[in-house]
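Single-structure report; data block below.
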Amino acid sequence: MKKLISVCIPTYNEEQNVVNAVTTVENLFAEQLPQYDLEIIITDNASMDSTWDKIKELSESRPHLKAFRFSRNFGYQNSIFAGLSLSTGDAVIELDADLEDPPEIIPRFVEKWEEGFDVVYGVRAKRYGNWLNLALTKMFYRILDIMSEYKIPRDSGDFRLLDRKVVSALAELPERNLYLRGLVAFLGFKQTSVTYDRQPRKSGASKFNIIQYFVLAIDAITAFSKAPLRMIGVLGTLLFLVSVILSLYYLGLYLLGGIPVKGFTTVVILMLGLHGISFIFLGTIGEYLSRIFDDSK
């Protein structure tokens with residue numbers, strides 16, 4: 001009996017790309033992966049163009065294609081998660097409709113999966129786009145890698161293969177503000193990477209703007225790092241130490257040299273000390289909050 005591989009394609013206003021994405025995947029499996037059965041799951045995030053009409057046309061002649069339209073736009077990460085949850089394959093692959101992540105890499109994913117890996121994720125050696133976005137993205141991945149408690153692969157996206165047991169475990173997690181790259185890393189299992197060059201969009205414009213990238217970055221850092229909370233306590237400790245050092249310094253000047261301490265200097269030292277103590281208390285509260293956060297997750 002053939003193994004079933006599901007390819008999940010999230011869409012939002014991709015009328016120019018969705019047909020090409022489906023036919024490209026079908027041709028790839030027919031030519032390079034004929035030993036596997038194919039299931040295509042399309043989740044449409046309430047597109048406002050003719051994307052859904054094209055998806056319905058595709059599904060009418062393709063029993064292996066299952067299409068779902070959301071009641072509203074629930075966001076990119078939720079669209080991917082829904083596709084994974086609705087899939088039934090022994091392995092599940094997420095692929096964006098714009099084909100910036102080339103489907104030609106899928107056979108390499110499958111090869112690694114057959115070698116025994118449960119998670120095979122793509123790492124982008126090269127990508128196209130606005131230089132500012134590329135620079136900010138690269139910087140974000142490195143900051144997240146430093147701050148995260150889990151090993152989240154640098155320069156990886158949502159283009160990956162997941163074994164069925166990983167998908168089942170992922171579906172059980174109670175996350176609401178999803179950052180799937182972090183969740184997959186959190187789950188563990190046997191993971192490996194495949195390096196590839198990302199391609200320019202086939203057509204159309206990206207639906208992600210700089211604000212959405214920023215929101216995704218905030219979700220990633222706050223979901224998988226306690227560092228922002230702990231930085232409050234660290235800052236408080238530094239401020240308090242500075243106030244103590246300055247106090248001892250000016251006290252020494254007064255006792256040993258008879259140099260009077262100006263009132264402004266005293267006020268500054270007191271403010272540093274009080275702010276330091278306040279930040280230390282806030283950091284302590286943050287530690288308790290981080291433990292509550294862990295328990296709720």
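Basis for what follows: all heavy atoms, side chains included, without hydrogens, waters or symmetry-related copies. Start at 1 with the first residue, then count along the sequence.
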Nearest 0.5 Å, please: how far is OG in S6 from CG in L95? 13.0 Å
Quick test of your reading of the model: are E94 and R160 salt-bridged, counting only N-O distances below 4.0 Å? no
Cluster link Y196 to L99, ILVMFWY, side chain under 4.5 Å: yes
In terms of side-chain heavy atoms, does Y12 have a donor or acceptor partner in D49 at a distance below 3.5 Å? no
Any side-chain heavy atom of L187 sitting closer than 4.5 Å to one from V166? yes
Would you call N78 and F70 a side-chain contact if the rule is heavy atoms closer than 4.5 Å? no
Does the side chain of F74 reach to within under 4.5 Å of the side chain of S79, using non-hydrogen atoms? no
Give the cluster check for L170 versus F189: same hydrophobic cluster or not, with ILVMFWY residues linked at side-chain heavy-atom distances below 4.5 Å. yes
Can we say R62 and E57 salt-bridge, meaning some charged N sits less than 4.0 Å from an Asp/Glu carboxylate O? no
Where A46 and R72 come nearest, the two heavy atoms and their spacing: CB-C, 3.5 Å
Got a sec, which residues hit side chain to side chain contact (heavy atoms under 4.5 Å, CB included) with S278, two or more places apart in sequence or on another chain? none
Is it true that V123 and L183 fall in one hydrophobic cluster, defined by side-chain heavy atoms closer than 4.5 Å? yes
For R108, all residues meeting salt bridge (Lys or Arg N to Asp or Glu O under 4.0 Å), sequence neighbours excluded: none
Does the salt bridge (Lys or Arg N to Asp or Glu O under 4.0 Å) test come out yes or no for E114 and K3, once each step is laid out? CA-CA 11 Å; E114 291 290 10; K3 292 181 180 179; 3.0 Å; yes
Can you pull the ring-ring contact (aromatic ring centres under 6.0 Å, His included) pairs that have at least one residue in residues 87-119, sequence neighbours excluded? F109-F159
Shortest non-hydrogen pair, G188 vs Q191, comes out as O-NE2, 2.6 Å
Heavy-atom nearest pair, A171 first then F81, reads CA-CZ, 3.9 Å
Distance check, rounded to the nearest 0.5 Å: S47 atom OG versus N73 atom CG? 8.0 Å
Side-chain heavy atoms nearer than 4.5 Å, only ILVMFWY residues, links allowed to pass through others: does that put I55 and V19 together? yes
Donor-acceptor pair between T88 and E39 side chains, under 3.5 angstrom: yes
Using the rule that two of Ile, Leu, Val, Met, Phe, Trp, Tyr join whenever any of their side-chain heavy atoms come within less than 4.5 Å, decide whether L28 and V18 are in one cluster. yes
Would you call K54 and E14 a salt bridge, using N to O less than 4.0 angstrom? no
Residues clustered with L4, ILVMFWY side-chain links under 4.5 angstrom: none
4.5 Å side-chain heavy-atom contact, C8 and T43: no
Side chains of Y36 and D90 only: does a donor on one sit below 3.5 Å from an acceptor on the other? no
Kindly compute the distance separating CG (L162) from OH (Y121), expressed to the nearest 0.5 Å. 12.5 Å
V7 vs L38 side-chain heavy atoms within contact, under 4.5 Å: yes
Name all residues meeting the salt bridge (Lys or Arg N to Asp or Glu O under 4.0 Å) criterion together with K165; count only those two or more places apart in sequence or in a different chain, and write none if there are none. D118, D163
Checking I106 against I93 for the side-chain contact (heavy atoms from CB on, under 4.5 Å) test, could you report, in this order, the C-alpha distance in whole Å, the side-chain angles of both residues, the deciding distance, and whether it holds? CA-CA 8 Å; I106 290 177; I93 298 169; 3.5 Å; yes
When rounded to the nearest 0.5 Å, the distance separating CZ of R164 from CD1 of I5 is 12.0 Å
Is any side-chain heavy atom of E26 closer than 4.5 Å to one of H64? yes
To the nearest 0.5 Å, how far apart are CD1 in I42 and CG in L58? 6.0 Å
Which residues satisfy the salt bridge (Lys or Arg N to Asp or Glu O under 4.0 Å) test with E172, sequence neighbours excluded? none
Are the side chains of N27 and E31 in touch, meaning some heavy atoms are under 4.5 Å apart? yes
OG on S87 to NZ on K66, rounded to 0.5 Å: 9.0 Å
Flag for N17-D98: side-chain donor and acceptor within less than 3.5 Å: no
Check whether any side-chain heavy atom of I9 lies under 4.5 Å from a side-chain heavy atom of I41, and answer yes or no. no
Taking all non-hydrogen atoms of both residues, which atom of M48 and which atom of N13 are closest, and how far apart? N-OD1, 2.6 Å
Decide whether T11 and D44 meet the rule of one side-chain donor and one side-chain acceptor closer than 3.5 Å. yes
Are the side chain of T24 and the backbone of N20 linked by a donor-acceptor contact shorter than 3.5 Å? yes
